[in-house]
Amino acid sequence: MDIPTSANETYAFEQHYYELVTFSVPVHLIKYQLIKTMEGFGKPRFQIPPTHSKNGLPLWFVFKIEGENYYYQRVVCADKTIRVYNDQLLYGMEHRQ
């Protein structure tokens, strides 16, 4: 399983991650840890603990599985969706050539 590097969903995931998480390591460097976490729990989601969340609450980053890939969908906090992938937007335009 993988998180596809150049998918629009991945650019949205990175944007939302940097908006909400205080962990100082760039997300692309921990991508495989995130995948292993999701595979280990058998669920397409992972949690950011409150100590690394900008709002001080646990965050759940939720993905969907298509084929051999994880595609980002939303962030849930306290049972409410606080960020959602919008397929009508182009995320990460500063990284595209």
Side-chain angles (χ1 to χ4, degrees):
M1 298 292 287
D2 199 6
I3 297 172
T5 303
S6 60
N8 195 46
E9 291 93 338
T10 303
Y11 290 119
F13 163 56
E14 290 175 353
Q15 179 180 321
H16 294 166
Y17 181 91
Y18 292 125
E19 289 173 1
L20 299 168
V21 176
T22 63
F23 195 57
S24 61
V25 176
V27 71
H28 69 275
L29 295 179
I30 60 170
K31 179 173 103 169
Y32 292 106
Q33 282 182 299
L34 301 176
I35 292 168
K36 291 294 182 193
T37 298
M38 291 189 281
E39 289 175 347
F41 284 112
K43 303 278 185 183
R45 63 181 182 241
F46 66 87
Q47 183 186 49
I48 299 295
T51 54
H52 293 297
S53 165
K54 288 185 180 178
N55 68 4
L57 298 170
L59 304 171
W60 286 95
F61 283 78
V62 180
F63 292 72
K64 69 177 177 179
I65 298 172
E66 284 187 11
E68 293 295 315
N69 290 312
Y70 290 106
Y71 289 95
Y72 168 72
Q73 296 298 294
R74 65 188 172 279
V75 179
V76 177
C77 179
D79 294 327
K80 294 182 184 175
T81 298
I82 61 170
R83 295 288 189 284
V84 66
Y85 169 67
N86 181 343
D87 64 359
Q88 300 300 306
L89 298 176
L90 285 178
Y91 295 89
M93 288 304 296
E94 68 276 7
H95 303 294
R96 298 182 188 196
Q97 297 186 18

Intermediate values then yes/no, side chain to side chain contact (heavy atoms under 4.5 Å, CB included), Thr22 and Ser53: CA-CA 6 Å; Thr22 63; Ser53 165; over 6 Å; no
Closest approach of Asn55 to Cys77 (non-hydrogen atoms, all atoms of both residues):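 In terms of heavy atoms, the two residues are closest at ND2-SG, 3.4 Å.
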Report yes if some heavy atom in the side chain of [X] is under 4.5 Å from a heavy atom in the side chain of [Y]; otherwise report no.
X     : Y     : value
Tyr70 : Met1  : yes
Pro44 : Tyr71 : no
Asn8  : Leu89 : no
Asn86 : Tyr91 : yes
Pro49 : Pro58 : no
Ile3  : Ile35 : yes
Thr5  : Lys31 : yes
Arg83 : Arg74 : no

Separation of Lys80 NZ from Leu57 CG (nearest 0.5 Å):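 Going from CG on Leu57 over to NZ on Lys80, the span is 11.0 Å.
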Spacing of CD belonging to Gln73 relative to CG belonging to Asp87, to within rounding of 0.5 Å: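 So the CD of Gln73 and the CG of Asp87 are separated by 9.0 Å.
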With a 4.5 Å cut-off on side-chain heavy-atom distances among I, L, V, M, F, W and Y, is there a chain of contacts connecting [X] to [Y]?
X     : Y     : value
Tyr18 : Ile82 : yes
Val27 : Val84 : no
Phe41 : Phe63 : no

Co-members of Val76 in a cluster of I, L, V, M, F, W and Y side chains, linked at under 4.5 Å: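 Same cluster as Val76: Trp60, Val62.
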Full working for side chain to side chain contact (heavy atoms under 4.5 Å, CB included) between Lys64 and Glu66: CA-CA 7 Å; Lys64 69 177 177 179; Glu66 284 187 11; 2.8 Å; yes
Glu39 atom CD: more than 12 heavy-atom contacts under 6.0 Å: yes
NZ (Lys54) with more than 12 external heavy atoms under 6.0 Å: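 Counting neighbours around NZ of Lys54, more than 12 heavy atoms of other residues, nucleotides or ligands fall under 6.0 Å, so yes.
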Pair Phe13 and Tyr72, ring centroids less than 6.0 Å apart: yes
Aromatic ring pairing Tyr17/Phe61, orientation class (parallel under 30°, perpendicular over 60°, tilted between): tilted
Leu20 vs Ile48, side chain to side chain contact (heavy atoms under 4.5 Å, CB included): CA-CA, chis, key distance, verdict: CA-CA 9 Å; Leu20 299 168; Ile48 299 295; over 6 Å; no
